[in-house]
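Note sheet for the following structure.
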Number of protein chains: 2
Amino acid sequence: MARPSDTKTRIQAVARELFMEQGVQNTSLKQISDRLGITKPALYYHFESREALVRSILQPLLDDLDTFTATLAPGDARRLLEDCFELMWRHREVLVMLLHDPGTMLGLDLVERVWEWRKRLTALLLGPSPSAAARIHATVAIGGMSDCVVEHASLPFEEVRAAAVAAALAALQS
Amino acid sequence: MARPSDTKTRIQAVARELFMEQGVQNTSLKQISDRLGITKPALYYHFESREALVRSILQPLLDDLDTFTATLAPGDARRLLEDCFELMWRHREVLVMLLHDPGTMLGLDLVERVWEWRKRLTALLLGPSPSAAARIHATVAIGGMSDCVVEHASLPFEEVRAAAVAAALAALQS
DNA sequence: GTCTATATGTTGATAGAC
DNA sequence: GTCTATCAACATATAGAC
């Protein structure tokens, strides 16, 4: 009652682990229940379906992405890239999952939302009708930062953000 | 005889298509045989197993990666990044597949080879004991270029290379 | 080279006892 | 809340006819 957690939360924790290790599509409910020491039907008591379990893990990113896209406002490039980095850092575990198999994004409307997010971010960074070269620079900047979030996840947040944003800014303005 | 191609090559072509569309793990032999208008057992006449088919498609990248790693030599950063970009561009179809589900890399020694490749490239770019910031800059540079290869695959090679290498170089030296 | 038919295992999901 | 037992649908793979 006071604690909505217990088995349900532990299921999500173990699912996150396995999804990060081997991808979402590649993880079966049996693997999850085995690692937890329970059986498959017990999972179905807590989640209506496999998709519901996956969705419950992805939901925080979906919500955050919507909020971010809605409140995106013009500003200098450094500030935009910093905000972008912070969003990705917050959800770096889920981003590892999704980066590792985007097949999961189909069926959810995640593809559209991510595309909308990057479209608006790029527009604010580059202006209305950017050249092909400018769009490529933006890809290096944003794509490079997202790699940092995954590759240097064990370093302190401040340190990674400072260096990643500086490099992204340089790429953008080259 | 003169033509080692025919069904075997067509199988590989269709498999590449489907692997790129929906990922490797997520594609069944039935889907491949259906799209080709043959039956599943016919596939087994040409390939010993599902894994043999997958491996035959990944092999060119594996070989190229080994050659590249072995012949890596010191040079200026621009030249190293250009060579790196060209390797990724050559294999961009396979890279899309692998980026989309790295689960495929397990079992093959692809993970080790890619890691070795990036390690040696980073060492040549940054020197023997780079700072954390420098390694983050290199991640933005290399990771950003690999995103370009996937995201701007429909633009002309020269155009993408010029802009991507320029941005990567700026990120590296920021 | 390609087929039909089948063996064998795994998946997501459900029924019903405790 | 968790179990045993089971389902239908799908996977990879093989045997053997043509």
Side-chain angles (χ1 to χ4, degrees), chain A residues 1-59 97-98 100-108 110, chain B residues 1-59 97 100-108:
Chain A
M1 324 306 175
R3 202 181 43 167
S5 50
D6 210 69
T7 307
K8 186 163 184 170
T9 315
R10 284 172 55 225
I11 291 172
Q12 290 173 318
V14 167
R16 285 178 83 105
E17 274 179 34
L18 285 167
F19 290 167
M20 280 188 61
E21 286 172 23
Q22 40 181 262
V24 179
Q25 316 273 359
N26 217 14
T27 300
S28 69
L29 297 183
K30 182 174 189 332
Q31 285 179 296
I32 297 172
S33 58
D34 278 358
R35 185 174 289 197
L36 258 161
I38 61 177
T39 58
K40 252 191 312 177
L43 258 51
Y44 279 90
Y45 176 84
H46 298 279
F47 294 95
E48 198 179 14
S49 66
R50 181 200 148 95
E51 195 198 329
L53 169 58
V54 173
R55 186 178 288 269
S56 81
I57 291 177
L58 266 43
Q59 199 61 48
M97 287 168 38
L98 291 178
H100 282 211
D101 61 340
T104 307
M105 300 166 98
L106 311 171
L108 299 160
L110 231 177
Chain B
M1 322 298 177
R3 203 180 45 168
S5 51
D6 211 69
T7 307
K8 186 163 184 170
T9 314
R10 284 170 57 225
I11 291 172
Q12 289 172 319
V14 167
R16 285 177 83 104
E17 274 179 33
L18 285 167
F19 289 167
M20 281 189 60
E21 286 172 24
Q22 38 181 264
V24 178
Q25 316 274 357
N26 217 12
T27 300
S28 70
L29 297 183
K30 181 174 188 339
Q31 286 177 295
I32 298 173
S33 57
D34 279 358
R35 186 174 287 198
L36 258 161
I38 62 176
T39 59
K40 258 192 307 178
L43 257 51
Y44 279 91
Y45 176 82
H46 297 280
F47 294 96
E48 198 179 15
S49 67
R50 180 200 150 93
E51 195 198 328
L53 169 58
V54 173
R55 186 178 288 268
S56 81
I57 291 177
L58 266 43
Q59 200 61 49
M97 288 168 37
H100 282 212
D101 61 339
T104 307
M105 299 167 97
L106 312 171
L108 300 159

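Letters A, B, ... mirror the listed sequences (proteins, then strands); counts begin at 1.
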Q: Rounded off to whole Å, could you give me the CD-to-C1' distance for the Gln31(B) and dT12(D) pair?
A: 14 Å
Q | Distance in angstrom units between Arg50(A) CZ and dG12(C) P, rounded | A | 5 Å
Q.
Once side-chain hydrogen bond (donor to acceptor under 3.5 Å, both in side chains) is applied, do any residues pair with Arg16(B), and if so which ones, sequence neighbours excluded?
A. Glu93(B)
Q.
Quick one, Met97(B) with Met20(B), criterion side-chain contact (heavy atoms from CB on, under 4.5 Å). Give me CA distance, side-chain angles, the key distance, then yes/no.
A. CA-CA 5 Å; Met97(B) 288 168 37; Met20(B) 281 189 60; 3.8 Å; yes
Q. Is Tyr45(B) near enough to dG1(C) that one of its side-chain N or O atoms lies under 4.0 angstrom from OP1 or OP2?
A. yes
Q.
Measure NE2/His46(A) against P/dA13(C) and give the value in whole Å, please.
A. 16 Å
Q.
Nearest 0.5 Å, please: how far is CG in Leu43(A) from CG in Leu36(A)?
A. 7.5 Å
Q: Return one dot-bracket line describing DNA chain C 5' to 3' (Watson-Crick or G-U wobble pairs, both distances under 3.5 Å; ( ) same strand, [ ] crossing, | another strand, . none).
A: ||||||||||||||||||
Q. For dT2(C), does either OP1 or OP2 sit under 4.0 Å from a side-chain N or O belonging to Thr7(B)?
A. yes
Q.
Without decimals, in angstroms, what is the distance between Leu43(A) CG and dT14(C) C1'?
A. 14 Å
Q) Near DNA chain D, which residues from residues 11-18 of chain A have a heavy atom under 4.0 Å away? A) none
**Q.** Pairwise side-chain contact, Thr39(B) with Ser33(B), heavy-atom cut-off 4.5 Å (strictly under)
**A.** no
Report, one pair per line, the protein and nucleotides 3-7 of chain D atoms (nitrogen or oxygen only) whose separation is under 3.5 Å.
{"residue": "dC3(D)", "atom": "OP2", "partner": "Thr39(A)", "partner atom": "N", "Å": "2.7"}
{"residue": "dC3(D)", "atom": "OP2", "partner": "Thr39(A)", "partner atom": "OG1", "Å": "2.6"}

Q: Quickly work out the Lys8(A) NZ to dT2(D) P distance and round it to whole Å.
A: 13 Å
(Q) Salt bridge check, Glu21(B) against Arg35(B): does any charged N sit closer than 4.0 Å to a carboxylate O? (A) yes
Q | Min side-chain heavy-atom separation Leu58(A)-Leu98(A) under 4.5 Å | A | yes
Q | Partner residues of Thr27(B) under the side chain to side chain contact (heavy atoms under 4.5 Å, CB included) criterion, sequence neighbours left out | A | Leu18(B), Phe19(B), Gln22(B), Gln31(B), Ile32(B)
**Q.** Gap between atom OH of Tyr44(A) and atom CG of Leu29(A) - 0.5 Å precision
**A.** 4.5 Å
**Q.** Value rounded to 0.5 Å, distance of CZ in Arg10(B) from NE2 in His46(B)
**A.** 9.0 Å
Q: Rounded off to whole Å, could you give me the OH-to-P distance for the Tyr44(B) and dA11(D) pair?
A: 11 Å
Q | Gap between atoms CG and C1', on Leu53(B) and dA11(D) respectively (whole Å) | A | 15 Å
Q.
From CG of Asn26(B) over to C1' of dA11(D), roughly how many Å is that when rounded to an integer?
A. 12 Å
Q.
What verdict does the side-chain contact (heavy atoms from CB on, under 4.5 Å) test give for Glu48(B) and Leu53(B), after you've listed the backbone C-alpha separation in whole Å, the side-chain angles of each residue and the deciding distance to 0.1 Å?
A. CA-CA 8 Å; Glu48(B) 198 179 15; Leu53(B) 169 58; over 6 Å; no
Q) Quick one: salt bridge (Lys or Arg N to Asp or Glu O under 4.0 Å) partners of Lys30(B), sequence neighbours excluded? A) Asp34(B)
